[in-house]
Engineer: 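Below you will find the structure I want to go over with you.
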Amino acid sequence: MADLEKIECVVEVITFRNEDNGYSVLKCRKGKSKERITVVGCMTEPSLGSLIEFGGKWVMHPKFGMQFNFESFEEKLPTTPEGMKKYLAGKIKGIGETFAERIVEQFGKKTFDILDKKINKLLEVKGMTEKRLKLIQESWDSNREINKIMAFLQSYGATTALATKIYNYYGADSVKVLKENPYKLADEIWGVGFKTADIMAAKLGFTKENYDRIRCGILYTLNKMSDDGHCFSFIDVLIEKAAELLEIDKTLLTPVIKKMVYGKDIIQEEIFDAEADFGSKTAIYLPLYYYSELGTARKLVKLICGSRGYFDDLDDDDVSYIAPYGIRYAHEQIEAIKAAVKNKVLVLTGGPGTGKTTTTLGIISAYRQAGARVLLAAPTGRAAKRMSEVTKMTAKTIHRLLEARPPAGFGRNEDNPLEGDVLIVDECSMIDILLMNSLLKAIPENMTLILVGDVDQLPSVGAGKVLSDILESGVVPFVKLDKIFRQAQTSKIITNAHRINNDGFIELNYKNFDESDFVFLEEGEPEKAADLIVNLCSEILPEKYKINPVDIQVLSPMRRGVIGTAVLNARLQNALNPGNVSIRYGDTEFRVRDKVMQIRNNYEKGVFNGDIGFISQIDTNSGAISVIFDDENNVVYEREELDEIVLAYATTIHKSQGSEFPYVIIPMMMSHFIMLQRNLLYTGVTRAKKGLILVGEMRAVFYAKKNNKIQERNTDLITKLKNLFREAEDEY
């Protein structure tokens, strides 16, 4: 903060204030100037009349002109009579304008000394009572304490935003907590990670070998591994990664891990591994992931082995219940519907065009004819909406079905289960281990569960590979549809998707949509490929085929690079939505009518990872943005919440899971070779409904098709399912 410009000014107007994080827009007067300046940043409880020294820099706002963005502040007591009156009236409870006038008139320049050392002398002021004096003293002491705490936090590297978070969480204990264990911040305050706490700890004199530091580094490493899809880490890998992060000798980690296991900060388990010398290796879990795996396995086995629901006495030859929607079913579909009504839990899987949707309709019809109450759900809003359109029934996101109640969790659970007879969940390849465990907790034992999904797609963004593990365990009954129906065979998107999945010959069209819904446009240079993608979205497809750019989604294997989502988003934004009302947040400029995506679950707002919407309004003064999702759900983001959304003209294939778009464009270049895998290409291709264009190098397409080395994830759901099922069979 040494190079920050310092200004000292009096707060005269509070234009905007966010109570949660302290983000404030202030109008201040500097010295004897007649003009007010705009000061913007995070701080605790700004008050009219406060004299504050801000540290920051001047920036030019596109709409509001010059403003001072501060990163540090120090509140000072005003010295003029007018400043004192404004400060007392605006800052101290129990003192309004009248009493501020009387106090300053009586004590003059000694006013603040009196409040500090001889506050009882205020009883000499006309109208002052013991009750009012007590309120004034509490408020004065509190404000002085807050200022001390904020000054201390900032002196040890906390930004104003972080200092505000810390103070809001710990209050008067903030300094004590920071001195005793700054790593506690990473455990308890959302948004504070190991690295932030580590910087503060170093300034406080904590050594690299400190137990709390090593503990925090181990937890951070496990959390980072869960971000990569792992439910646990083998102990040798954990020690290697954590030692590298902490920059300490590996021998220092083992005793800390043992202590953490004893204290139940982490869970240790022996996991079978055929490559290990003794057939098993030591795994280390964060408790959340261990109990989610165990809970998922227990509940699935309990459902499978529990009471039967509908169709207990069904004759194997009776298919009278299979007559919905005027659909004629193929033999394998009839067998799938029969399996769905005979089993308590069933997985229905298959690729595009194999009849999963029509089979699901048959399952719904069968149960509804029997009088069963059928619930429908999917992981994302887009998937739930599509399910509703196809079935003509209400389908909810899993979060809405479970009545998400942040931060407490879900309203539906083992104590308050779902009400219904059958639950059908679509797009189950997207469900991670934490969400699956929460869902299963809410399912009563008499409910039938049917999981529908394409196991060949990418696994969930979150930890685990739940659908794949459930199928591989052999414990849960399943039906895999693999025959492409005649009406689907005319779509090259569908037939090529299956060829990609089976490493077959891909039939490509090198021209346009006049001849095929699957087009390949060759371009060997990434810069020219990016140019072509922008032209396709902004000119070629809209002009030649009258396709609305809103219906076009660019899906890239990666975020980085010339054809990564970051660069493509900026270029597509300028081509499709130039010159609108805008604000800048970090490296991103958001504009009215921009296409944006929510990138984390926000239960309070009712929007979830992967939801796509359009910016309808921007308040350039406060930095708030309004986004409309699904044509109806209007969500407001305050400036400090803008890290939850990103531009979505282009998004990663991973983020597109569970979504379906009319037209999809996918860049395929060898510069993205690290991400080019069969299931990634397959997932991207199957997102397109009407038309797909691959832009790039043919060798990149074939490299991805050939590369079936799926990145392994550390999970143990298969073993847990097998062991628990074996125990249940022995018991019965």
Engineer: Salt bridge or not for Lys208 and Asp198, using N-O below 4.0 Å?
Structural biologist: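 So Lys208 does not pair with Asp198 through a salt bridge.
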Engineer: Can the positive tip of Lys241 be found less than 6.0 Å from the middle of the six-membered ring of Tyr220, inside 45° of the ring normal?
Structural biologist: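 No - Lys241 does not lie over the ring of Tyr220 by the 6.0 Å and 45° rule.
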Engineer: Within the 4.5 Å heavy-atom criterion, are Glu644 and Gln598 side-chain neighbours or not?
Structural biologist: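 Answer yes - side chains close enough.
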Engineer: Let me see the working for Glu71 and Lys57 under salt bridge (charged side-chain N to carboxylate O under 4.0 Å, His left out), right down to the final yes or no.
Structural biologist: CA-CA 8 Å; Glu71 296 178 29; Lys57 58 185 177 181; 5.0 Å; no
Engineer: What's the shortest heavy-atom distance between Leu219 and Asp265, and which atoms?
Structural biologist: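 The answer is CD2-O, 4.3 Å.
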Engineer: Could you check whether atom CD of Glu244 has more than 12 heavy atoms from other residues, nucleotides or ligands sitting under 6.0 Å from it?
Structural biologist: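 No, CD of Glu244 has 12 or fewer neighbouring heavy atoms, counting only those of other groups under 6.0 Å.
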Engineer: Start with the C-alpha distance between Thr296 and Ile433, add both sets of side-chain angles, then the distance that settles side chain to side chain contact (heavy atoms under 4.5 Å, CB included), and finish with yes or no.
Structural biologist: CA-CA 8 Å; Thr296 294; Ile433 193 66; 3.7 Å; yes
Engineer: Taking Ser233 for the side chain and Ile284 for the main chain, is one N or O donor matched with an acceptor at less than 3.5 Å?
Structural biologist: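 Checked: no pair found.
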Engineer: With rounding to the nearest 0.5 Å, note down the distance linking OG1 in Thr683 to CD in Gln657.
Structural biologist: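 Going from the OG1 atom of Thr683 to the CD atom of Gln657 covers 6.0 Å.
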Engineer: Does Ser438 reach the main-chain N or O of Leu434 with its side chain, forming a donor-acceptor pair under 3.5 Å?
Structural biologist: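 Looks like yes, one N/O pair under 3.5 Å.
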Engineer: Within the 4.5 Å heavy-atom criterion, are Met558 and Thr565 side-chain neighbours or not?
Structural biologist: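 SC-SC contact between Met558 and Thr565 ruled out.
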Engineer: Would the distance check show the side chain of Ser473 and the main-chain N or O of Ile470 forming a donor-acceptor pair, the cut-off being under 3.5 Å?
Structural biologist: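 Between the backbone of Ile470 and the side chain of Ser473 there is a qualifying donor-acceptor contact (under 3.5 Å).
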Engineer: Rounded to the nearest 0.5 Å, what separation is found between the OH atom of Tyr285 and the OG atom of Ser226?
Structural biologist: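 Tyr285 OH to Ser226 OG: 13.0 Å, rounded to 0.5 Å.
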Engineer: To check you understand the geometry: which heavy-atom pair defines the closest contact between Met430 and Pro379, and what is its length?
Structural biologist: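 Looks like CB-CG, 3.9 Å.
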Engineer: Can any side-chain N or O of Ser174 pair as donor or acceptor with the backbone N or O of Gly171 at less than 3.5 Å?
Structural biologist: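 At least one qualifying donor-acceptor pair exists.
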Engineer: Drop me the distance from Tyr290's OH to Glu293's CD, to the nearest 0.5 angstrom.
Structural biologist: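 One finds 9.0 Å between OH of Tyr290 and CD of Glu293.
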Engineer: For a quick test of reading the model, state the closest non-hydrogen atom pair linking Ser656 to Leu555 and the distance between them.
Structural biologist: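 For Ser656 and Leu555, the tightest heavy-atom pair comes out as CB-CD2, 3.6 Å.
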Engineer: Does either side chain, that of Glu270 or that of Thr282, offer a donor lying less than 3.5 Å from an acceptor on the other one?
Structural biologist: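 On atom types as modelled, these side chains qualify, holding a pair under 3.5 Å.
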Engineer: Using side-chain heavy atoms (C-beta onward) and a distance below 4.5 Å, is Met447 in contact with Leu303?
Structural biologist: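 No, every pair of side-chain atoms sits at 4.5 Å or beyond.
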Engineer: Taking atom types as modelled and ignoring hydrogens, do the side chains of Thr719 and Asp716 form a donor-acceptor contact shorter than 3.5 angstrom?
Structural biologist: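 Present: a donor and an acceptor within the cut-off.
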Engineer: Does any N or O in the side chain of Asp432 come within less than 3.5 Å of the main-chain N or O of Ala463, such that one atom is a donor and the other an acceptor?
Structural biologist: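 No: the side chain of Asp432 does not pair with the backbone of Ala463.
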Engineer: Which atoms form the tightest heavy-atom contact between Ser556 and His672, and what is the distance?
Structural biologist: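 Between these two residues, the closest heavy atoms are OG-CE1, 3.5 Å.
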Engineer: Does atom CZ of Phe234 have more than 12 heavy-atom neighbours, drawn from other residues, nucleotides or ligands, at distances under 6.0 Å?
Structural biologist: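 Yes, enclosed.
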Engineer: Keeping the roles fixed (side chain from Thr380, backbone from Ala383), state whether a donor-acceptor pair exists under 3.5 Å.
Structural biologist: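 Side chain of Thr380 to backbone of Ala383, a donor-acceptor pair under 3.5 Å: yes, one is there.
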Engineer: Would you indicate whether the side-chain heavy atoms of Arg213 and Tyr183 approach each other to under 4.5 Å?
Structural biologist: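 Result yes, sub-4.5 Å side-chain heavy-atom pair found.
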Engineer: With a 4.5 Å heavy-atom cut-off, do Tyr289 and Asn714 have their side chains touching?
Structural biologist: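 Side-chain contact under 4.5 Å: no.
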Engineer: Any chance CD of Glu403 has more than 12 other-residue heavy atoms, nucleotides or ligands included, within less than 6.0 Å?
Structural biologist: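 Yes.
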Engineer: Where do Val40 and Tyr23 land on the side chain to side chain contact (heavy atoms under 4.5 Å, CB included) test, with the steps shown first?
Structural biologist: CA-CA 8 Å; Val40 179; Tyr23 180 78; 3.0 Å; yes
Engineer: Check whether any side-chain heavy atom of Leu253 sits under 4.5 Å from a side-chain heavy atom of Ile218, and report yes or no.
Structural biologist: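 Yes; the side chains approach each other to less than 4.5 Å.
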Engineer: Out of curiosity, Cys216 SG to Tyr211 OH, how far, rounded to the nearest 0.5 Å?
Structural biologist: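 Nearest 0.5 Å value for the SG-OH distance: 11.0 Å.
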Engineer: Is there a donor-acceptor pair under 3.5 Å between the side chain of Lys605 and the backbone N or O of Val636?
Structural biologist: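 The answer is yes, because a donor-acceptor pair under 3.5 Å joins these two groups.
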Engineer: Please test Asp469 against Arg713 for salt bridge (charged side-chain N to carboxylate O under 4.0 Å, His left out), starting from the C-alpha separation and ending with a verdict.
Structural biologist: CA-CA 11 Å; Asp469 283 350; Arg713 292 185 169 194; over 6 Å; no
Engineer: Answer yes or no: is there a donor N or O on one side and an acceptor on the other, between the side chain of Asn707 and the main chain of Tyr703, under 3.5 Å?
Structural biologist: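 No.
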Engineer: I'd like to check Val607 versus Tyr637 (side-chain heavy atoms, cut-off strictly below 4.5 Å). Are they in contact?
Structural biologist: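 A side-chain contact exists here, since the closest heavy-atom pair is under 4.5 Å.
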Engineer: Can a donor-acceptor pair be found, under 3.5 Å and without considering hydrogens, that links the side chain of Asp212 to the backbone of Asn181?
Structural biologist: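 No.
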Engineer: In Å and rounded to the nearest 0.5 Å, what is the NZ to SG distance from Lys465 to Cys231?
Structural biologist: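 Between atom NZ of Lys465 and atom SG of Cys231 there are 9.0 Å.
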Engineer: Taking 4.0 angstrom as the limit, do Glu269 and Lys720 come out as a salt bridge?
Structural biologist: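 A salt bridge is present here (some side-chain N lies under 4.0 Å from a carboxylate O).
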Engineer: Nearest heavy-atom pair of Ile599 and Lys655: which atoms, and what distance?
Structural biologist: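 Shortest heavy-atom contact: O-NZ, 3.5 Å.
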Engineer: Apply side chain to side chain donor-acceptor pair (under 3.5 Å) to residues Glu188 and Tyr170 and explain how you reach the verdict.
Structural biologist: CA-CA 10 Å; Glu188 298 179 347; Tyr170 295 114; 2.6 Å; yes
Engineer: Just so I know, are the side chains of Leu439 and Leu401 near enough to count as touching, which here means a heavy-atom distance under 4.5 Å?
Structural biologist: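 When only atoms from C-beta onward are counted, Leu401 and Leu439 do touch, with a gap below 4.5 Å.
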Engineer: What is the distance from atom CG of Asn210 to atom CG of Leu204, rounded to the nearest 0.5 Å?
Structural biologist: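 One gets 11.0 Å once the value is rounded to the nearest 0.5 Å.
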Engineer: Side chains of Asp454 and Tyr682: any donor to acceptor distance under 3.5 Å?
Structural biologist: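 Short answer, yes.
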Engineer: Go through the steps for Leu418 and Leu423 under the test side chain to side chain contact (heavy atoms under 4.5 Å, CB included), then give the verdict.
Structural biologist: CA-CA 9 Å; Leu418 295 168; Leu423 173 60; 4.2 Å; yes
Engineer: Please check if the side chain of Asn413 supplies one atom and the backbone of Phe410 the other of a donor-acceptor pair under 3.5 Å.
Structural biologist: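 Yes.
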Engineer: Show your reasoning for whether side chain to side chain contact (heavy atoms under 4.5 Å, CB included) applies to Leu471 and Val476.
Structural biologist: CA-CA 7 Å; Leu471 286 169; Val476 180; over 6 Å; no
Engineer: Looking only at non-hydrogen atoms, find the nearest pair between Leu4 and Ser72 and report the distance.
Structural biologist: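 Of all heavy-atom pairs spanning Leu4 and Ser72, the closest is CD1-OG, 4.2 Å.
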